[in-house]
Every structure is written in structure tokens, then in C-alpha cells.
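One structure below.
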Amino acid sequence: MTEAFGDWDGSIADARRVQAELATRLRLRDDFPKPPRWLGGFDVGFEDEGATTRAAAVLLDAQTLEPIASELVRLPTSMPYVPGLLSFRELPALLQALRLLPHAPDLVFVDGHGIAHPRRLGIAAHFGVVTDLPTVGVAKKVLTGTSATALHDMRGAFTPLRDGREQIGWMLRSKPRCNPLVVSPGHRVSMASAAELVMRYTTTYRLPEPTRLADRLASRRDG
DNA sequence: GCGACAG
DNA sequence: ATCTTGTCGC
């Protein structure tokens with residue numbers, strides 16, 4: 001569990017070096033069971049004014065989208081939030097939650113960016129590289145990149161998110177009249193599949209079921 | 001130098 | 001992320 005950050009020396013500057021190095025191991029091609037049978041949803045929340053990090057992991061049946069197991073892990077927060085270095089703050093708790101699930105999912109959705117990141121290693125990509133599980137990043141806001149200013153207000157509409165000429169993700173209207181999601185592949189998932197997968201597992205809410213359920217647990221708004 | 005900046 | 005009730009619009 002300490003291998004998630006390689007030989008990181010603990011500094012902010014070195015964290016960026018580690019990210020660039022780990023991004024080298026990303027495989028952006030579909031490499032997961034089709035159709036997947038088990039989906040995983042991951043998200044993090046905080047309590048005690050941020051002193052405690054709370055990670056939620058949910059395992060769902062991909063066919064019914066019903067959760068079959070869920071885990072909650074609480075750890076003392078070890079690092080402040082620094083844009084671009086989110087995984088160094090939240091990944092440890094997420095990995096522990098993953099281990100508690102009855103078995104590993106074969107496709108994972110993480111709340112946050114995949115490769116739509118300055119060094120192409122958002123938390124979803126980082127999660128995928130260290131676990132070697134297929135991952136997709138589902139964020140609510142853009143961290144880096146630009147896209148068309150207008151997007152059809154129809155469920156399923158999408159437009160590329162680019163950094164220069166390179167496409168790093170998609171702006172996806174998962175639900176009418178709701179701000180679009182920022183979807184990007186993490187590991188072992190292609191750019192084209194990332195958006196399709198998110199839509200496939202989205203019902204009537206803005207967020208796809210895996211991430212929506214994990215969100216509810218991590219944010220204590222569960223019932 | 002001046003903004004922007006996942007959760 | 002988190003602190004928080006009502007309220008406008010579909």
C-alpha cells in the first residue's frame with residue numbers, strides 16, 4: 001500500500017515527478033470483460049473539519065446496477081488539497097476500501113479525473129495504474145483543457161475536452177439541464193469507450209450509478 | 001507577472 | 001471537500 005507513490009520523497013515537487021513517471025505505465029486501450037460483470041464505484045469525503053478522510057467503495061452488479069457490497073474506510077488526513085495532486089491525498093484510503101470488498105470489480109469508476117490532468121495522471125488514472133484495474137474518471141469540473149462553449153442540452157450529448165491538439169477527455173451531458181460531466185479514461189479503457197461506459201451506467205441522475213452510490217456513502221448522505 | 005485550479 | 005433552508009424551474 002506504500003507502493004502507490006513509488007519512491008516519492010514526500011514533497012510537492014517530487015509528487016509531480018512521480019506522476020509523470022507513473023503516467024508512462026498507462027494503457028489507454030480497452031482491456032476488460034465485455035460486458036463487464038462487476039462494477040466498482042469510488043469516492044472520498046471528509047469529516048472533523050478535514051482531519052479525517054473517509055473513502056467509500058461500492059461493488060455493483062453491472063447487469064442490474066444493484067449494489068452487492070460497500071465499504072467505508074476512515075483514515076487521518078495526511079496531506080492538504082493541492083490542485084493536480086489529489087491522488088496523493090485520497091488514494092491511500094481508496095485502496096484500503098478496495099481491499100475490503102469481497103472481490104475486485106472488473107471495471108472501476110472514480111470520482112475525479114483520469115488523464116484529463118496536467119501530467120495525465122488524475123486520481124482515476126493513478127488508481128488504475130497501481131491496481132492494474134480498468135478505470136474511468138468522472139469529474140464534475142474541468143481541471144485543465146478546453147472545449148466547445150456550447151453543448152446540446154440532450155442526454156448523451158458530448159464534445160471533446162482538449163489540451164492543445166490532444167484530446168484528454170469528454171464533456172458529457174449525462175442529464176438534461178445539468179452541467180456536463182468531465183469524463184476521461186484512466187487505465188485499460190479507451191477514450192471512445194469512456195463516455196459510452198458512463199452513459200451506459202447512468203440512469204436518471206447526473207452521476208453514473210457506481211459513482212453516485214459511492215458519493216452518497218462518502219458524503220454521509222446515506223440512508 | 002496574472003489568473004486558474006478535480007476534491 | 002464542507003458549512004446549510006428555502007426555493008425556482010422542469
Side-chain angles (χ1 to χ4, degrees), chain A residues 4 12-13 15-16 18-20 22-23 26 41-58 72-97 108-129 135-147 149 152-155 161-164 168-187 194-195 198 204-208 210-222:
Chain A
I12 298 299
R16 299 196 174 90
V18 172
Q19 291 184 319
L22 289 175
L26 288 174
F42 295 78
D43 188 30
V44 168
F46 297 87
E47 55 186 64
D48 300 331
E49 304 177 321
T52 300
T53 297
R54 189 177 47 232
V58 180
L72 209 46
V73 164
R74 307 167 75 170
L75 291 179
T77 302
S78 60
M79 209 185 113
Y81 166 67
V82 178
L85 300 182
L86 186 68
S87 60
F88 286 77
R89 172 178 163 87
E90 306 185 343
L91 196 54
L94 288 179
L95 294 179
Q96 275 201 29
V108 169
F109 292 81
V110 181
D111 189 305
H113 295 294
I115 64 169
H117 175 280
R119 289 166 294 285
R120 308 297 180 263
L121 198 82
I123 191 167
H126 197 156
F127 185 111
V129 168
T135 62
V136 176
V138 183
K140 306 175 195 68
K141 300 175 184 175
V142 170
L143 204 208
T144 190
T146 59
S147 64
T149 55
H152 292 194
D153 186 41
M154 180 185 159
R155 183 192 136 93
L161 172 66
R162 300 189 178 77
D163 187 350
I168 58 177
W170 302 98
M171 293 308 289
L172 174 66
R173 186 140 265 147
S174 55
K175 177 176 180 173
R177 299 183 184 186
C178 280
N179 293 321
L181 294 177
V182 187
V183 177
S184 60
H187 184 54
V198 169
T204 64
Y205 302 91
R206 177 161 87 123
L207 299 178
T211 282
R212 188 179 74 82
L213 296 177
D215 228 79
R216 295 179 51 167
L217 287 181
S219 298
R220 271 296 137 107
R221 309 182 287 84
D222 196 353

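Lettering of chains follows the sequences in order, A, B, ..., and the numbering in each one begins at 1.
Taking atom CZ of Arg221(A) as the reference point, atom C1' of dT4(C) lies 14 Å away to the nearest angstrom. One atom, CG of Leu91(A), and another, C1' of dA1(C), lie 17 Å apart when rounded to the nearest Å. Following rounding to the nearest Å, Ile12(A) (CD1) and dC5(B) (C1') show an atom-to-atom distance of 14 Å. For the pair Gln19(A) CD and dC5(B) C1', the computed distance is 14 Å after rounding to whole Å. We find that CZ of Phe46(A) is positioned 12 Å from C1' of dA6(B), with the value rounded to whole Å. Rounded to whole Å, atom P of dG7(B) lies 18 Å from atom NE2 of His126(A). With rounding to whole Å, Leu75(A) atom CG is found 21 Å from dG7(B) atom P. In this structure, CD of Glu49(A) is placed 22 Å from P of dG7(B), rounded to the nearest angstrom.
The shortest side-chain heavy-atom distance between Val138(A) and Ser174(A) does not fall under the 4.5 Å cut-off. Inter-residue side-chain proximity for Leu85(A) and Gln19(A) is flagged as met; some heavy-atom pair is nearer than 4.5 Å.
DNA chain C is contacted by both Arg177(A) and Ala218(A); Ala218(A) maps to the nucleotide lying nearer its 5′ end (nearest heavy atom per residue).
For the strand DNA chain C, secondary-structure stems (runs of at least three Watson-Crick or G-U pairs, all distances below 3.5 Å) are absent.
Considering only side-chain atoms of Asp43(A), the nucleotide from dT2(C), dA6(B), dG7(B) that sits closest is dG7(B). Among the nucleotides dG7(B), dA6(B), dC10(C), the one closest to the side chain of His117(A) is dA6(B). Between dC5(B), dT2(C), dG7(B), one nucleotide has an atom nearer to the side chain of Leu86(A) than all others, and that is dG7(B).
Contact check, Ser219(A) against dT2(C): a side-chain N or O comes under 4.0 Å of OP1 or OP2. Checking the phosphate oxygens (OP1, OP2) of dT4(C), no side-chain nitrogen or oxygen of Arg220(A) falls inside 4.0 Å.
Within 4.0 Å of Leu85(A), counting heavy atoms only, lies at least one base atom of the nucleic acid. Using a 4.0 Å heavy-atom criterion, one finds that Gly84(A) contacts the bases of the nucleic acid, with or without backbone contacts as well. When heavy atoms are screened at a 4.0 angstrom cut-off, Gly45(A) is found touching the sugar-phosphate backbone but no base atom. Residue Val182(A) is classed as having no contact, given no heavy-atom separation below 4.0 Å to the nucleic acid.
Smallest separation of non-hydrogen atoms from Ala116(A) and Ser184(A): N-OG, 3.5 Å. Closest approach of Pro92(A) to Ser87(A), counting heavy atoms only: CD-O, 3.8 Å.
Stacking annotation: Tyr81(A) is stacked on the base of dG7(B) (ring centroids less than 5.5 angstrom apart, interplanar angle below 30 degrees).
Put simply, the side chain of Thr77(A) gets close to the backbone of Ala51(A): a donor and an acceptor are under 3.5 Å apart. No side-chain donor-acceptor contact under 3.5 Å links His187(A) to the backbone of Gly114(A). Checked by atom type and distance alone, the side chain of Thr144(A) never pairs as donor or acceptor with a backbone atom of Pro118(A) at under 3.5 Å. Judged purely by atom type and a 3.5 angstrom limit, Arg89(A) uses its side chain to pair as donor or acceptor with the backbone of Met79(A).
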